[in-house]
There are 2 protein chains.
Amino acid sequence: MNEFDKLKEKLKEKGFKLTTQRRVILDVIMENKNKHLSSEEIYDLVKRKYPEIGLATVYRTLQLFEELGLVYKLNFDEGRNRYELYQEDAHQHHHLICLKCGNVIEMEGDLLEDLEKLIEKTKNFEIVDHNVKFYGYCSNCRNKV
Amino acid sequence: MNEFDKLKEKLKEKGFKLTTQRRVILDVIMENKNKHLSSEEIYDLVKRKYPEIGLATVYRTLQLFEELGLVYKLNFDEGRNRYELYQEDAHQHHHLICLKCGNVIEMEGDLLEDLEKLIEKTKNFEIVDHNVKFYGYCSNCRNKV
DNA sequence: TGACAATTGAAAATGAATATCATAAACTAT
DNA sequence: ATAGTTTATGATATTCATTTTCAATTGTCA
Ligand SMILES: [Zn+2]
Ligand SMILES: [Zn+2]
Ligand SMILES: [Zn+2]
Ligand SMILES: [Zn+2]
């Protein structure tokens, strides 16, 4: 099943409608799988394909997509949200944020199983998700003086 | 060395001044070591001791304290920042956020050494800090129907 | 003490995100 | 396809945390 069928199905399931705007927004997010686009950036890209769209619609749709589990909301401490496509296979990755150039690098793999098990046990806390960011200096910036 | 000496020293080091406002703000943060206060909450508490203080001063000071490494900025996805005292010994803790009641529980211990080593090696990324949040259901909420 | 730079408080400004509301578009059952 | 119902949209106004501005104040140090 492709992303659009997933969208259609999830919308129907909850009584939401499949609109052109929602289709185009998903389209843009899918075309930028490896990026971490902000709401404004998505708005700008969507406007190229659908110039009549309003900014509020983009915000509303991203929020809806997050609730539907289609996208993942990211926060890199910039005072704005970013989004990436939720991919079952590739979702388990962490973000490495360079303090010098600001680049965001992905570290694939989850590697938190042991820690999560320990937390569930010692805190009796049922973990359903996590958010992990590492701050430091990327290979590029390390090599410069 | 206590926190105030640390403040004094770090300020002097960078040519900043030791003001009453800064002293009172640090005071409030120290009196709430285990809490995760927002800027507004800190403002309200500070006003009790120093009613003339302005909100902007609190914001400016918290930003300064973060730069000086005296406090740690936290983000629990509420659209506002929170702060906690930076404690050398106790800083290595993660936050468990309950999706039902919103409570934030601390999980002491770092337990990311292996993962960080792996990242430094495979990505040639020098890690200086990290930010880890776990979302789920706290023991209280698990036991309710 | 006096000079000078840093700091402050009040108010205005910013900017991301949300709410409002009249119009438009999608779905449903005929 | 059509009418009827409901959700969605776009433009705009609004909210709210945070930042900026700027004149007046305060801390530091010789
Ligand atoms: Zn870099
Ligand atoms: Zn990513
Ligand atoms: Zn709870
Ligand atoms: Zn904490």
Side-chain angles (χ1 to χ4, degrees), chain A residues 4-5 7-28 36-68 70-71 73-83, chain B residues 4-5 7-28 36-68 70-71 73-83:
Chain A
F4 287 105
D5 290 334
L7 173 62
K8 218 163 156 179
E9 195 178 73
K10 291 195 176 193
L11 287 174
K12 193 161 191 179
E13 197 175 287
K14 309 224 172 164
F16 297 125
K17 291 171 181 175
L18 180 60
T19 64
T20 313
Q21 290 88 336
R22 287 174 180 171
R23 247 196 293 252
V24 175
I25 291 170
L26 183 58
D27 208 12
V28 162
H36 305 102
L37 299 176
S38 69
S39 314
E40 288 295 323
E41 284 167 352
I42 292 171
Y43 174 58
D44 289 340
L45 290 170
V46 168
K47 259 201 305 202
R48 294 192 201 163
K49 300 181 180 228
Y50 195 98
E52 319 88 289
I53 201 159
L55 178 59
T57 301
V58 174
Y59 274 97
R60 279 186 293 236
T61 303
L62 291 172
Q63 204 173 285
L64 177 66
F65 282 6
E66 202 211 348
E67 283 158 21
L68 296 178
L70 289 164
V71 301
K73 185 163 76 178
L74 308 169
N75 185 315
F76 296 149
D77 304 297
E78 318 156 284
R80 93 192 49 187
N81 290 325
R82 295 185 172 274
Y83 293 88
Chain B
F4 287 105
D5 291 334
L7 172 63
K8 216 162 159 181
E9 195 177 75
K10 291 195 176 194
L11 287 173
K12 194 164 191 178
E13 198 174 287
K14 308 223 172 163
F16 297 127
K17 291 172 180 171
L18 180 59
T19 64
T20 312
Q21 290 88 334
R22 287 174 179 169
R23 247 195 293 251
V24 176
I25 291 169
L26 182 58
D27 208 12
V28 162
H36 305 102
L37 298 177
S38 68
S39 314
E40 291 287 330
E41 284 167 351
I42 292 171
Y43 173 58
D44 289 339
L45 291 170
V46 168
K47 258 199 308 201
R48 295 191 200 163
K49 300 180 180 230
Y50 195 99
E52 321 87 289
I53 201 158
L55 180 58
T57 301
V58 174
Y59 274 96
R60 279 185 293 235
T61 303
L62 291 172
Q63 206 173 284
L64 176 67
F65 282 5
E66 203 212 347
E67 283 158 21
L68 296 178
L70 289 166
V71 301
K73 186 163 75 179
L74 307 170
N75 184 315
F76 296 150
D77 303 298
E78 318 156 284
R80 92 193 49 189
N81 290 324
R82 295 183 172 275
Y83 293 87

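Order of the sequence lines sets the chain letters (A, B, ...), proteins ahead of strands, with each chain counted from 1.
Relative to the side chain of B/Ile53, the nucleotides D/dT18, D/dT9, C/dG9 differ in distance, and C/dG9 lies closest. In the set D/dG10, D/dA17, C/dT18, the nucleotide with an atom closest to the side chain of B/Arg80 is D/dA17.
Remark: C1' of C/dT8 and CG of B/Leu11 are 15 Å apart, rounded to the nearest angstrom. Protein atom CD of B/Glu78 is 15 Å distant from nucleotide atom C1' of C/dA17, rounded to whole Å. Atom CZ of A/Arg82 and atom P of C/dA16 are 11 Å apart (whole Å). Distance A/Phe76 CZ to C/dA16 P: 17 Å, rounded to the nearest Å. One interatomic measurement links the two molecules: NZ of B/Lys73 to C1' of D/dT19, which rounds to 13 Å at whole-angstrom precision. Taking atom CG of residue A/Leu62 and atom P of nucleotide C/dA17, one finds them 9 Å apart after rounding to whole Å. Going from atom CD1 of A/Ile25 over to atom C1' of D/dA8 covers 11 Å, rounded to whole Å. Here D/dT20 presents its P atom at 14 Å from CG of B/Leu55, a figure rounded to the nearest Å.
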For every nucleotide of nucleotides 19-30 of chain C, 5' to 3': is a protein heavy atom under 4.0 Å from its base (B), only from its sugar-phosphate (S), or from neither (-)? BB----BBS---

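Taking each heavy atom of B/Glu66 and B/Val71 in turn, the nearest pair found is N-CG2, 3.6 Å. Among all heavy-atom pairs drawn from B/Ile53 and B/Tyr43, the shortest one is O-CE1, 3.8 Å.
A 4.5 Å side-chain heavy-atom check between A/Arg22 and A/Leu64 finds at least one atom pair inside the cut-off. Proximity of B/Arg82 to B/Asn75: side-chain heavy atoms (C-beta onward) are nowhere separated by under 4.5 Å.
A salt bridge does not link B/Lys14 to B/Glu67: none of the charged nitrogens lies less than 4.0 Å from a carboxylate oxygen.
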ring-ring contact (aromatic ring centres under 6.0 Å, His included) between A/Tyr83 and A/His36, intermediate numbers included: CA-CA 6 Å; A/Tyr83 293 88; A/His36 305 102; over 10 Å; no

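Within the 4.0 angstrom heavy-atom criterion, only backbone atoms of the sugar-phosphate kind lie near B/Gln63; the bases stay farther away. Among the atoms of the strands shown, none is found under 4.0 Å from any heavy atom of B/Tyr43. Here B/Ser39 lies in heavy-atom contact (under 4.0 Å) with sugar-phosphate atoms only.
More than 12 heavy atoms of other residues, nucleotides or ligands shown are found within 6.0 angstrom of NZ on B/Lys10.
Comparing A/Arg22 and B/Asn81 against DNA chain D, the residue whose closest nucleotide sits nearer the 5' end is A/Arg22.
An OP1 or OP2 oxygen of C/dT18 is reached within less than 4.0 angstrom by no side-chain nitrogen or oxygen of A/Tyr59.
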